[in-house]
Amino acid sequence: MTILGAMALALFLGACLASIRGWIPQRALTLQTTLLLVAALIVILRLAFGKPPAFGEILGGTSLHPITATVAGFLLAGALQAAGGFDAASALLRRLTGTGLGLPFALVVLVNLPTIFAMPCGRILAAPLMPLALLLGQEAAERSGDRTMLAMVVFGMLVNAGASCVPSALGGIGLLGEGMGRFPAGSFGDPSQLGTLVLTLATMALIRFVHGRDLKMRPPATTEPSVTVPDQGYTALAVFVLMLALVMIVRPRIPLQVILTVSTLMIMALARLSLANVLAGVILHPLSAMIAGFLVAGALSASGGFDALLWLLEGLARHTPLGFVGVSILVVFLPLMLAMPCGRIMSVALIPGVLLFGEKVAHATAFPLAAPVLLVSFILSAAGSCGPSPLGGVGNIGEGRLRIPDFWSSRPQALGIFLGVPAAALVIRFGGVSGGAYRLSTLSTCLGFGLVSGLGTNWLFGYRLRHLGGLAGGLLVGLLVWIL
Amino acid sequence: MKRPALTLNTTAMLLLTIFLGLLGGHALANRQPWALTCYDCKACGAACALGIDPQGFVAAQLANDPDLPIYATNIRLNVRKALALDPELEITRGERHLPLRQAVTQFGLAPSEEVVTYRMKARHAAALCLECAACEKACVLELPLLRAIRQLKAPQPAGATHAK
Ligand code: SF4
Ligand code: SF4
């Protein structure tokens, strides 16, 4: 560990903390600018220590794949949105509530839809699903006479959306972790999706029984969404689902970005969309956050910041009662304590350090899966933390719509994530890390988690535990998690 | 947002965009545009008998830096040859990874003694690469990694755009 490394790490963590606490106001310095300045300061520190600036290492450490996949994913999402694909998904779900499966079926599928159709940024699905969440939430509230249920549906869907960028095959954060840790492609998908089912359920339970008791809200009057879904909306949705299935099942040796672009072009041709329609889907915030994250990560790596982090964590593990397990828990939930508006910032900047520490934990505890367990948990916690982030997290969307105080949902979301992340860790602990193959043992795990999600939804919304809707919905969610 | 803050934040976003463009520019200038498609999944690394991280060659092309340190964890060289290559290359000694020069003074390594490498400059790793193409076959996208390796192998001034 060098002094330069320790100073670089302190600069980075200090800047994150200052942004979270509002000591660096966002209206003066956005997070991206702050991170860029941190990288510049680290380079200046290097020069002060008589070292070359290491621009090559900073540039060479940048992983282009998640950036280009995210851009391609956003373009596809833009095309889907403009073609009415998301409206089609909502309409299909709405129609299902009219069947014998009823409201619980629609509820369990709706709140978990973001992680099933995992997009590179949870915000993509959060907005189009919001009208349906309000409608179904209102229905559940009226049926039971408990208005909290509206908040349960809205924030259940939002926390699920926040964490859904981990398993996305379209440039999700999981891809980053798999690449950096040299784990099989797709191996973080199922564990993070299953963890997300649990954290969604936990958030809804916390709102119902703990945080929602004296919640006062003024939700907008909800009416049946009047949008008529254009025919091409269903076709666009079908193209999207087929594309996802192709990527997941066939795994062609073609860059993912090419498949995404071809799908986008197909949807554009089908729905006669203009380039402007598609470009409207691009959200710059996660992209610029990721690039800034890579810059800081490169500067930290070149200056020994990760060695310092490792030294610190190992020291804490060896010389305090926390031990390796206690420090691992601290590492996993660090992103939740410094909740950023985009999980990619913490992920990109700290994954190398987390991986190194994971290897130490594996060595110290003689548990070979320690590194992937730690990494999946860290990434899920980082991704989910964009829900409760006080810097414009996804939860704010719900607080605005329900007209409840800002950041009210931060606590139940953060606690929900805290309870859900260990589920992802357990899936790796007992299932190992394997990508791609459709294994029967994984199917039973997915169905099992789906079933728990369905049972929990039945119970939380006041239905009989064995209500067919919740059970069938949960099983469908489990099956879709396994397939997609 | 006040005007100075607006200017500063906008400049930061522009710089981030330029940074991204730089990677594409380097790939084109080095005539290795395919390097942009690399997933950075490191699947190629598992195939290399020398423990080289072939993705490092891709990163060196994108960064336009043949001196980029990359992992090469299983190359055995005698101290004399390793010193001639680069005294700053990192070697593995027990549980530690340290620069060769430091190891020589600290452990009094003899010139004929064998060391195992850990990290070295991309062009040096390219020079030692066996060109067995195992990494190309293991690559999930079957990328032409040998093209990048051969280009880095060619003698060139450090830091310059690679010789064609
Ligand atoms: S060509 Fe062979 S020796 Fe060279 S990097 Fe690839 S696998 Fe390793
Ligand atoms: S296997 Fe291919 S795509 Fe993956 S890092 Fe190696 S070169 Fe890049």
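To find a chain, count down the sequence lines: A is the first, B the second, and so on, and within it residues start at 1.
Summarising the local packing, CH2 of Trp311(A) is surrounded by 12 or fewer heavy atoms from other residues, nucleotides or ligands at distances under 6.0 Å.
With respect to Thr30(A), the side-chain contact (heavy atoms from CB on, under 4.5 Å) criterion is satisfied by exactly one of Thr10(B), Leu8(B), Asn9(B): Asn9(B).
For Leu6(B), no part lies near chain A; criterion is any non-hydrogen pair under 4.5 Å. Contact annotation for Ile67(A): only side-chain heavy atoms (C-beta onward) come within less than 4.5 Å of a heavy atom of chain B. Heavy atoms of Leu36(A) lying under 4.5 Å from chain B belong exclusively to its side chain. Neither the backbone nor the side chain of Ile70(B) comes within less than 4.5 Å of any heavy atom of chain A.
Looking at every heavy atom in both residues, Glu57(A) comes nearest to Asp65(B) through N-OD2, 4.3 Å. When all heavy atoms are compared, the tightest approach of Phe19(B) to Ile58(A) is CZ-O, 4.3 Å. Taking every heavy atom of both residues into account, Gly60(A) and Ala59(B) meet most closely at O-CB, 3.4 Å. Contact record, Arg27(A) with Ala5(B): O-CB, 3.9 Å, taken as the closest heavy-atom pair.
In this view, His97(B) and Tyr118(B) satisfy the ring pair (Phe, Tyr, Trp, His ring centres under 6.0 Å) rule, not counting sequence neighbours.
Residues of residues 78-92 of chain B placed with any heavy atom under 4.5 Å of a heavy atom in chain A are absent; none qualify. Chain A is approached within less than 4.5 Å, heavy atom to heavy atom, by no residue from residues 99-114 of chain B.
Rounded to the nearest 0.5 Å, atoms CG (Leu16(B)) and CG (Leu295(A)) are 6.0 Å apart. Here the CG-CG distance, from Leu23(B) to Leu64(A), works out to 5.0 Å after rounding to the nearest 0.5 Å. The distance from the OG1 atom of Thr37(B) to the CD1 atom of Ile254(A) is 12.0 Å, given to the nearest 0.5 Å.
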Indicate every side-chain donor-acceptor pair of residues 128-146 of chain B with a distance under 3.5 Å to a residue at least two apart or in another chain.
unit_1	atom_1	unit_2	atom_2	d
Glu131(B)	OE1	Arg150(B)	NE	2.7
Glu131(B)	OE1	Arg150(B)	NH2	3.1
Glu131(B)	OE2	Lys153(B)	NZ	2.7
Glu136(B)	OE2	Leu145(B)	N	3.1
Glu136(B)	OE2	Leu146(B)	N	2.8
Glu142(B)	OE2	Arg253(A)	NH1	2.7

Evaluate side chain to side chain contact (heavy atoms under 4.5 Å, CB included) for Thr68(A) paired with Leu36(B), printing each intermediate quantity in order. CA-CA 9 Å; Thr68(A) 48; Leu36(B) 292 168; over 6 Å; no
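When Gly181(A), Pro25(A), Gly56(A), Ala54(A) are compared by the number of non-hydrogen pairs under 4.5 Å with chain B, Gly56(A) comes out ahead.
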